[in-house]
Every structure is written in structure tokens, then in C-alpha cells.
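The chain is numbered in sequence order, starting from 1. Just so we're clear, the structure is a prediction, and the values are computed from it rather than from any experiment.
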Amino acid sequence: MEKKNIDWGNLGFGYIQTDKRYVSDYKDGAWDNGRLTDDANVVISECAGVLQYAQTCFEGLKAYTTEDGRIVVFRPDLNADRMIDSAKRLEIPVFPKERFLDAVEQVVAANEAYVPPYGSGATLYLRPYMFGSSPVIGVKPAAEYQFRLFATPVGPYFKGGVKPITIRVSDLDRAAPHGTGHIKAGLNYAMSLYNIVDAHNQGYDENMYLDAATHTKVEETGGANFIFITKDNKVVTPKSDSILPSITRRSLMVVAKDYLGLEVEERVVELSELKDMAECGLCGTAAVISPVGKIVDHGTEICLPSGMSEMGPVTQKLYDTLTGIQMGRIPAPEGWIKVIK
Ligand code: PLP
Ligand code: COI
């Protein structure tokens, strides 16, 4: 298979149209059989549920070329499960798990020429999404839906790859208690756009969101969960019902405990504790692990001891082990790697 002529090493996190995507339509109470299509455009009613009331959810996962030349996907079953949770919360009909996994397989195989080569630093990002496609004008769920899944080759989410970033503590909230922060709804991202543009304008890479009720506890950023390393080498991650249950974070906690022998804690993390942390990272499919060098809390700078030039040592070990598992250099726990070919 000849690869596309793409400068893999210089890709950012952007959209490049690939050859095939998967589509399935929901009508009269049932999903159709689904198909691959060349058509990258979606044509829907001007009054579609997604356009009027944001009835949509999505997922994000990646395909990798391993050291021995296989193409694999990391834990797609967990993305399928999470999309089911998102769909239920938004009154979108569930797309069955085995159909989701089949769509992943079909899209990766059909776009093999776009799967970045091993060692290039790039990966093939997969974006499954679902939306209400039929007209609604009163506030209610649509009657018809579409499930789609496309692929796009990507490089690092943050410019500079794994250079530490600077984030600010946000005054605005991302998710309310008992709201939708725990699902991957488009609406959670629409409402974060004003705040991320403002953060960038003020010179920050990301926002650190706090719990909406008290503004004293750390939640997550707009697109990744947090991990912290304490000065006595524990890996700590915030526990909250209003953050997205990151698959990367859940995997890292297993890696920390079972591969690196570190103590791990999923617990409430107070904003006031951050000054005592040794390392901080953002973790997610897109972010992988992006080290945080500085957190600015309304003029007070919290400079992580790991500094602004490189990842802290524990974050680096987590990063190396996780990416080693994903790229086939390190044996994976049972069921983590789905081989496409
Ligand atoms: N938190 C938010 C808000 C996200 O959008 C994402 C990205 O998917 C994550 C966390 C990380 O989740 P995952 O590791 O499953 O990609
Ligand atoms: C992902 O990590 O897959 C996401 O969906 C996060 C998004 C901000 C790119």
C-alpha cells in the first residue's frame, strides 16, 4: 500500500479530507445497514435537530502504525461505550457497539494510505459523530439521525509537541453538577469556544476549569483530563461526576500502577493543593500527555518544579509507556489493542 504524499512530521492537529467515511441513517425507528462513501458533505434540513438545538455527540480515537508495521486502534470499545452514554443522555438512538467497532475497522482499512508511518509522530485521528437530521421546531428530539465516522491524519494537539504549556484558572464554567460534563456532547465544546479564544488572546494555551458549585476543586480543561504527580511520586487525578471519563486517563492510571509500580489516586483535587504538586499533565486522545509547566490563578503563578523546557520525569515515563503500548513496542494489557491489519 503506497502512502499518500504528506509531510507527516509537520502535521498539526487539523482536518485533511481522506478518501472514505462511514455513514448510517436512522429512520422509522431503525438504523440502516451503513456504507462507506466518498462524499464528505452532509446535506440536512435547515431545521435539523442538530442545527436548532445542538442534538449531537461525538468521539475521538486514533489508529497507529506499530513498530512491526501493523495498523492498530487503541481501546475503541471504550469509545463505543462512551458514545452510547452520550447518545442516551441526548435522546439520540444508540448506535450498537459492534456496529461502531465495524465502522472503525472499515474506515481505517479504507484509508490505509493516510495512516501515518511508524515513527513519524503523526497518527490517524478518527471522529465518530451522531446528530439529529430531521426537522424539529418545538424543543424535542429529532425523528431521524445520522451516524458518521471520518478519519484525518494529525500531528500534536498543542504546537510544539511535548513542550510544557501554560494554562490559566478559568472564571467561566464548563459543566454544572448534574449537567452534561460527563458526556461528549457538542454543546460542551460550543460553550467553551469564547473562553478558549479569550485564553489564547491573553497568552494561555488552555483553561483549567474548576467545579461550578464552589470554584475550589480542579475539574479538567476544554479537551483533556488532568493528571498530577505529587512530590512523593503519587499519580493523582481529579474525581468528579462532571468531567469526561477520559480513556487516556483511565489507561494511564493502569500504566502507572501496573507497569511503573506507582501509587495512584482518583480523588477530589483542591485548587489549593496545586502549589505542592511536582508535575502536571493534560491527557486525552488528542493531547496524549501534554505537560503543563505553569498554572496562572488570577495573577498568582504556580510554576511546576518540572519547569518550562521539558516534561517532568514521571510524566515522561507515563508518556513513553503509553505510547510504547500504542505503537506496539511494549506488550499491551489484554484487549487494549484492536488490530485492523
Ligand atoms: N476531556 C474532554 C473534555 C475531552 O474532550 C477529551 C477528549 O476526548 C478528554 C477529556 C480526553 O478523553 P480521551 O482520553 O477519552 O480522549
Ligand atoms: C480528543 O482528544 O479526541 C478530543 O475529542 C478532544 C478535542 C478537544 C480534540
Quiz item: Do NZ/NE/NH1/NH2 and the carboxylate oxygens of Glu112 and Lys341 come within less than 4.0 Å?
Solution: yes

Quiz item: Looking at side-chain heavy atoms only, is the closest gap between Tyr189 and Lys184 below 4.5 Å?
Solution: yes

Exercise. Take Phe95 and Tyr26, measure what ring pair (Phe, Tyr, Trp, His ring centres under 6.0 Å) needs, and give me the verdict at the end.
Key: CA-CA 9 Å; Phe95 194 67; Tyr26 181 91; 9.8 Å; no

Practice problem: Please step through salt bridge (Lys or Arg N to Asp or Glu O under 4.0 Å) for the pair Asp198 and Arg168, ending with a clear verdict. | Solution: CA-CA 11 Å; Asp198 187 56; Arg168 69 165 180 190; 3.0 Å; yes

Quiz prompt | Verdict with supporting geometry, Tyr129 and Arg127, side chain to side chain donor-acceptor pair (under 3.5 Å) | solution = CA-CA 6 Å; Tyr129 59 114; Arg127 173 52 62 88; over 6 Å; no

Quiz prompt | Which atom of Ser240 lies closest to which atom of Glu219, heavy atoms considered | solution = OG-OE2, 2.6 Å

Quiz prompt | Minimum side-chain heavy-atom gap Lys231-Pro305 below 4.5 Å | solution = yes

Quiz item: Do His215 and Asp171 meet the criterion of a side-chain donor-acceptor pair at a distance under 3.5 Å?
Solution: no

Quiz item: Any ion pair linking Lys97 and Asp81 (charged N to carboxylate O, less than 4.0 Å)?
Solution: yes

Practice problem: Would you please name every residue forming a side-chain contact (heavy atoms from CB on, under 4.5 Å) with Leu172, sequence neighbours left out? | Solution: Ser170, Tyr194, Asn195

Quiz item: Is the count of non-hydrogen atoms from other residues, nucleotides or ligands lying under 6.0 Å from Asn33 atom CG greater than 12?
Solution: no

Quiz prompt | Close side-chain approach of Leu187 and Gln55, heavy atoms under 4.5 Å | solution = no

Quiz item: Of the non-hydrogen atoms in Ala113 and Trp8, which two are nearest, and what is the gap between them?
Solution: O-CH2, 3.9 Å

Self-check item: pair Phe158-Leu282: side-chain heavy atoms closer than 4.5 Å
Solution: yes

Quiz item: Strictly by modelled atom types, are Thr214 and Asp211 linked by a side-chain donor-acceptor pair under 3.5 Å?
Solution: yes

Quiz prompt | Any donor-acceptor N or O pair under 3.5 Å, side chains Thr166, Asp205 | solution = no

Quiz prompt | Passing option when Tyr22 is tested against Glu105, Arg35, Arg99 for side chain to side chain donor-acceptor pair (under 3.5 Å) | solution = Arg99

Quiz prompt | Results of side-chain contact (heavy atoms from CB on, under 4.5 Å) for Asp39 - residues two or more places apart only | solution = Thr37, Asn41

Practice problem: State whether a side-chain donor-acceptor pair under 3.5 Å links Thr180 with Asn188. | Solution: yes

Quiz prompt | Intermediate values then yes/no, side-chain contact (heavy atoms from CB on, under 4.5 Å), Tyr204 and Ile167 | solution = CA-CA 5 Å; Tyr204 303 104; Ile167 63 176; 5.8 Å; no

Practice problem: Could I get the full list of ring-ring contact (aromatic ring centres under 6.0 Å, His included) partners for Phe226, not counting sequence neighbours? | Solution: Phe228

Quiz prompt | Test item: Asn207 and Thr221 side chains (from C-beta on) under 4.5 Å apart, heavy atoms | solution = no

Quiz item: Side chains of Ser133 and Gln146: do they bring a donor and an acceptor to under 3.5 Å?
Solution: no

Quiz prompt | Minimum side-chain heavy-atom gap Asn225-Glu220 below 4.5 Å | solution = yes

